[in-house]
Amino acid sequence: MQLTQAQLDQFHTEGWLFLPELFTPEEVAVLREESAAVLARNREEIWREKNGAPRTAFAAHTYNEAFSILGRHPRMIDPVEQVFGEPVYMHQFKINAKAKFEGDVWQWHQDYGTWLRDDGMPEPRAMNISVFLDEVLPINGALMLVPRSQKHGNLQAGHDKQTTNYPLWTLDNDTVERLVKDGGIVAPTGKPGGMLMFHGNLVHGSAGNITPYSRRIVYLTLNACSNYIRKPTRPEWIAHQDFRPIEKVADDALLKYARSHRQAAE
Ligand SMILES: O=C(O)CCC(=O)C(=O)O
């Protein structure tokens with residue numbers, strides 16, 4: 001799958017691109033089902049909110065077949081390789097739960113801030129690319145982005161280990177206010193299967209979810225192979241150290257898996 005010139009222009013100017021309903025309901029159904037099973041497990045890779053609800057399941061692509069296929073899916077990999085002009089490897093894979101009633105905030109931050117400081121990533125040549133597993137609504141903790149903020153490079157940040165159970169390099173309010181005066185805030189919403197990609201320096205965050213609607217999103221962080229991390233400090237299942245290019249599956253691999261999975265259950 002290749003992005004059009006208009007889509008590339010939008011990405012390079014605004015720092016983000018949203019492709020609604022890129023995965024079909026049949027493909028997403030199996031991911032939804034599997035994500036519920038993953039988030040219910042008790043493993044060290046599954047982090048919980050302070051209230052005990054699941055927050056983030058790291059590295060599910062290493063032990064779950066459906067997510068292993070998603071992590072090698074050309075609809076996710078091709079656009080990032082197109083932007084970087086080289087093969088990519090999986091730097092991080094996670095399912096963020098943002099559970100109904102209990103999902104907590106993600107403070108304003110840039111992802112490259114963490115990749116640089118915690119992992120020793122040389123350049124912001126990695127990208128978060130995500131798939132909505134649930135419908136993302138304006139009210140259930142949609143991801144908020146500050147368009148064009150990527151142009152400001154890597155900003156000063158403080159290491160917040162208190163607000164949530166997820167340590168994060170966060171930005172102060174004055175910085176966010178200044179950037180929002182210029183770029184505003186957008187919050188892409190849409191049905192399950194929508195795909196969002198955004199620049200590693202794009203400022204983003206999300207509010208807590210006090211609604212009865214869960215908001216699960218899968219994030220792949222794909223890093224240009226030449227930009228492999230130099231000083232890892234986090235466990236391998238958070239910041240992977242297999243720097244080989246991802247070997248993609250066929251475009252219909254997830255659909256085939258979903259059908260065989262359904263047949264086996266019948
Ligand atoms: O899932 C969310 O709402 C935010 C996730 C995020 O910002 C991140 O993983 O860096």
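Whatever order the structure lists ligands and atoms in, that order sets their numbers, starting from 1.
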Can you run down the ring pair (Phe, Tyr, Trp, His ring centres under 6.0 Å) pairs that involve residues 246-266, sequence neighbours left out, and say none if there aren't any?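 Only Tyr257-His261 qualify under ring pair (Phe, Tyr, Trp, His ring centres under 6.0 Å).
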
Which of the ligand 1 atoms, numbered from 1, are nearer than 4.0 Å to a heavy atom of Asn96: 1 (O), 2 (C), 5 (C), 9 (O)

Number the atoms of ligand 1 from 1 as they appear, then name those within less than 4.0 Å of a heavy atom of Leu143, with their elements.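 Ligand 1 atoms under the 4.0 Å threshold to Leu143: 2 (C), 3 (O), 4 (C).
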
Side-chain donor-acceptor contact under 3.5 Å, Glu123 with Asn227: no

Is Asp104 salt-bridged to Lys50, cutoff N-O under 4.0 Å?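 Looking at Lys50 together with Asp104, the answer is no, because their closest N to O distance does not fall below 4.0 Å.
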
Any Asp111 heavy atom less than 4.0 Å to ligand 1: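 Yes.
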
Measure across Met121 and Leu116 and return the closest heavy-atom pair with its distance rounded to 0.1 Å.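 Closest pair (atom of Met121, atom of Leu116, distance): O-CD1, 3.5 Å.
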
If you apply the rule side chain to side chain donor-acceptor pair (under 3.5 Å), what do you find for Ser214 with Lys98, and how did you get there? CA-CA 6 Å; Ser214 288; Lys98 192 76 87 173; over 6 Å; no

Top protein contact for atom 6 (C) of ligand 1, by heavy-atom distance: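 For atom 6 (C) of ligand 1, the nearest protein heavy atom is Trp106 CE3, 3.6 Å.
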
Counting non-hydrogen protein atoms only, what is the nearest one to atom 2 (C) of ligand 1? Give residue, atom name and distance.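 Here the closest protein heavy atom is Tyr219 OH, 3.3 Å.
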
Checking the N or O distance criterion of under 3.5 Å, is ligand 1 in contact with Arg215? yes

Which part of Gln92 is near ligand 1, with near meaning a heavy atom under 4.0 Å away: side chain, backbone, both or neither?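 Looking at Gln92 and ligand 1, no heavy atom falls under 4.0 Å.
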
Linking Ile, Leu, Val, Met, Phe, Trp and Tyr by side-chain heavy atoms under 4.5 Å, what else ends up with Trp169?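 Cluster partners of Trp169: none, it stands alone.
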
